Amino acid sequence: MTLTVFNSLTRRQEPFIPIESGKIGMYCCGVTVYDYCHLGHGRTCLVWDVVRRYLEWRGYQVHYVQNFTDIDDKILKRAQDEGTTMEEIAERFIQAYFDDMERLGVKKADAYPRVTHALDGIKRLVSQLENQGYAYAANGDVYYAVHQFPDYGKLSGRKLEDLKAGASGRVEETDPDIHKKYDPFDFALWKAAKPEEPSFSSPWGEGRPGWHIECSAMVKQELGETIDIHAGGGDLMFPHHENEIAQSEAATGKPLARYWLHNGMVKVEGEKMSKSLGNFITLRDLLDRVDPMVLRLFMLQTHYRKPLDFTDEGLAGARNGWNTLREGLLFKTHYGKQLGWDHNPPQKSDEQIQKRFAEVVDDDFNFAGGLPILFELAKELRREGNLLLHQGTTEASAKELAVKWHTLAELADVLGLEAKAEETTSSASSLSDEEIETLVQQRTQARKAKNFAQADQIRDQLKAKGVILIDQPGGETRWYREQ
RNA sequence: GGCGGCAUAGCCAAGCGGUAAGGCAGGGGCCUGCAAAGCCUUUAUUCCCCAGUUCGAAUCUGGGUGCCGCCUCCA
């Protein structure tokens with residue numbers, strides 16, 4: 001079995017071969033912390049979280065790094081609007097980020113570098129590029145000279161000439177610093193601060209780093225000159241990742257990343273959701289009304305490179321789908337004791353099923369294609385559980401069920417799907433077994449006497465207390481407490 | 001204007017040359033005093049359109065049509 005991934009750099013699907021066998025260095029472009037995370041951030045974090053989980057499951061040791069951009073004009077603007085500092089704003093939204101991600105079940109990265117902690121590396125890198133002739137200073141700014149880098153555009157498949165032809169005047173109109181640049185597509189590595197603005201000292205004067213240079217510096221600092229996987233949202237491909245390549249590869253002469261992976265955008269009502277369009281749904285608002293696992297399943301149902309249209313209808317489908325998986329996952333909680341798993345807990349997975357799953361998912365992280373395997377297991381377990389509940393027995397062996405459950409739990413964990421056992425509801429008003437038995441007896445008598453009004457009244461009374469009755473063929477009635 | 005992507009049932013969606021996974025929703029049946037729950041079963045002669053390659057195409061090629069993304073801050 002070989003894992004193959006779609007590499008944005010080559011626009012082809014390629015076998016995945018890490019630099020060092022068994023180990024993976026992975027960097028995912030994180031968020032600029034000037035506001036709460038929206039669904040788009042959620043998708044990106046979730047997709048790469050699952051990719052990372054999968055790689056680990058496949059036996060790789062993954063070193064996963066995700067950055068925070070905590071120096072940025074938008075953070076500064078918000079700080080000025082609120083009469084506070086960039087630090088305070090950044091800190092607030094970094095905390096919010098961690099809260100949201102924990103609720104979503106996203107595993108912690110191994111490192112969260114921040115621009116504010118990477119300034120020395122950034123300045124060193126800018127100096128180096130300047131010395132090498134890739135960058136030039138202009139009135140306290142430092143710009144990267146794109147024409148000096150012959151490969152510029154290789155990631156996004158653009159040529160500088162095409163870019164110029166396509167931009168046709170727009171760049172000049174919108175870029176106030178255009179007169180300082182040799183080329184309109186030169187971009188800032190370092191920007192001089194205006195008076196009153198927070199700034200950091202540098203060889204070029206007081207200022208702040210440009211947006212793209214931070215990632216080049218932090219990748220190098222955390223993972224080295226060439227990494228295995230560089231991931232991020234598809235909208236970062238140009239110019240952000242293109243510029244990262246230009247910076248890092250010019251400086252080191254080595255490839256920045258072997259595999260560039262990009263996830264598709266989230267759409268709302270068919271339109272891209274983005275901060276600039278203002279049509280975004282924040283993750284925290286959504287998580288207040290949607291089970292995080294439902295959201296996770298919803299997002300996993302679409303291949304990571306495809307656009308994902310967010311709709312209430314789709315979410316409702318995922319909600320029901322999650323119930324199915326959830327029932328399968330809770331099989332152990334509900335029936336384990338009955339099956340004697342207390343003493344002999346299930347601990348083996350079905351290797352054939354593991355293999356089937358891996359074969360599907362190895363094809364460019366096709367989680368959506370692997371999901372039916374989980375549904376297959378969950379439905380079988382649910383069915384067996386229902387038979388146990390309704391008939392008290394099942395023909396499947398306890399051992400067989402244990403393997404199925406263990407396999408399901410393992411694969412669900414790869415996808416980050418976790419079912420929490422529900423708290424027992426209505427415990428205060430719950431009846432004892434004896435009380436229930438008595439009422440059930442009374443109802444059976446009433447039914448025999450064809451006094452259905454009374455029988456139904458007892459049934460309703462028990463239902464109100466969370467006790468569900470099952471009339472079986474032959475007249476016997478089983479009952480269970482609602483879970 | 002340049003670059004790229006996508007079009008599969010009511011909805012979501014996998015599929016990458018060998019005769020349409022799966023989820024959701026829906027239909028039918030069994031059981032039942034009626035329910036509920038459960039169990040069983042069923043749902044695309046066809047993959048946007050047209051032409052071509054092939055023994056064979058949803059899958060490959062060419063041409064349309066429609067939608068979307070990037071080219072400016074964006075995950």
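These numbers were taken from a predicted model, which means no experiment stands behind them. Every heavy atom of this structure was used, including side-chain atoms; hydrogens, water molecules and symmetry mates were not.
Between rC73(B) and rG66(B), the two C1' atoms lie 30 Å apart (nearest whole Å). If you take atom P in rC31(B) and the same atom in rA25(B), they sit 25 Å apart, rounded to whole Å.
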Would you be so kind as to tabulate the donor-acceptor pairs closer than 3.5 Å made by side chains of residues 319-327 of chain A, with sequence neighbours excluded?
unit_1    : atom_1 : unit_2    : atom_2 : d
Thr324(A) : OG1    : Arg382(A) : NH1    : 3.4
Arg326(A) : NH2    : Lys420(A) : O      : 3.4
Arg326(A) : NH2    : Glu422(A) : OE1    : 3.1

Show me, pair by pair, the donor-acceptor contacts under 3.5 angstrom made by side chains of residues 285-298 of chain A, not counting sequence neighbours?
unit_1    : atom_1 : unit_2    : atom_2 : d
Asp285(A) : OD2    : Thr282(A) : OG1    : 3.1
Asp288(A) : OD1    : Arg103(A) : NH2    : 2.9
Asp291(A) : OD1    : Met293(A) : N      : 2.8
Arg296(A) : NE     : Leu104(A) : O      : 3.2
Arg296(A) : NE     : Gly416(A) : O      : 3.3
Arg296(A) : NH1    : Asp49(A)  : OD2    : 3.4
Arg296(A) : NH1    : Leu415(A) : O      : 2.8
Arg296(A) : NH2    : Asp49(A)  : OD2    : 3.0
Arg296(A) : NH2    : Leu104(A) : O      : 3.1
Arg296(A) : NH2    : Gly105(A) : O      : 2.9

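Distances shown here put every side-chain N or O of Asn386(A) at or beyond 4.0 Å from the OP1 or OP2 atom of rA37(B). Put simply, Lys463(A) has no side-chain N or O that comes within less than 4.0 Å of OP1 or OP2 on rA37(B). Under 4.0 angstrom from either OP1 or OP2 of rC71(B) there lies no side-chain N or O belonging to Lys159(A). Residue His390(A) has no polar side-chain atom (N or O) positioned under 4.0 Å from OP1 or OP2 of rG38(B). When the side-chain nitrogen and oxygen atoms of Thr324(A) are compared with OP1 and OP2 of rC24(B), one or more of them lie within a distance under 4.0 Å. For rG69(B), neither phosphate oxygen OP1 nor OP2 lies less than 4.0 angstrom from any side-chain nitrogen or oxygen of Lys306(A).
With sequence neighbours left out, Asp460(A) forms a salt bridge (charged side-chain N to carboxylate O under 4.0 Å, His left out) with no residue at all.
For residues 366-376 of chain A, the side-chain hydrogen bond (donor to acceptor under 3.5 Å, both in side chains) pairs, not counting sequence neighbours, are Arg356(A)-Glu376(A).
Secondary structure note: stems in RNA chain B built from 3 or more consecutive Watson-Crick or G-U wobble pairs under 3.5 Å occupy B:1-7 with B:65-71, B:10-12 with B:22-24, B:26-30 with B:38-42, B:48-52 with B:60-64.
Between Phe365(A) and Tyr304(A), the ring-plane angle classifies as perpendicular under the 30° and 60° cut-offs. Ring geometry for Phe331(A) versus Tyr335(A): interplanar angle of 30 to 60°, hence tilted.
Residue Gly370(A) is classed as having no contact, given no heavy-atom separation below 4.0 Å to the nucleic acid. Contact annotation for Leu371(A): no contact, since no heavy-atom pair falls under 4.0 Å across all strands. Contacts of Arg158(A) with the nucleic acid, taken as non-hydrogen atoms under 4.0 Å apart, include base atoms. Within 4.0 Å of Arg443(A), counting heavy atoms only, lies at least one base atom of the nucleic acid.
For the pair Lys108(A) and Phe98(A), the cation-pi criterion (under 6.0 Å, within 45° of the ring axis) is fulfilled. Taking the centre and axis of the six-membered ring of Phe238(A), the NZ or CZ atom of Arg158(A) falls inside the cone set by 45° and 6.0 Å.
Enclosure of atom CD in Gln13(A) by more than 12 non-hydrogen atoms of other residues, nucleotides or ligands within 6.0 angstrom is indicated.
Residues of residues 293-301 of chain A having a heavy atom closer than 4.0 Å to RNA chain B, listed by number: Gln301(A).
One can place CH2 of Trp322(A) at 16 Å from P of rG23(B), the figure rounded to the nearest angstrom.
Counting atom types as modelled, Arg459(A) pairs a side-chain N or O with a base atom of rC34(B) as donor and acceptor under 3.5 Å.
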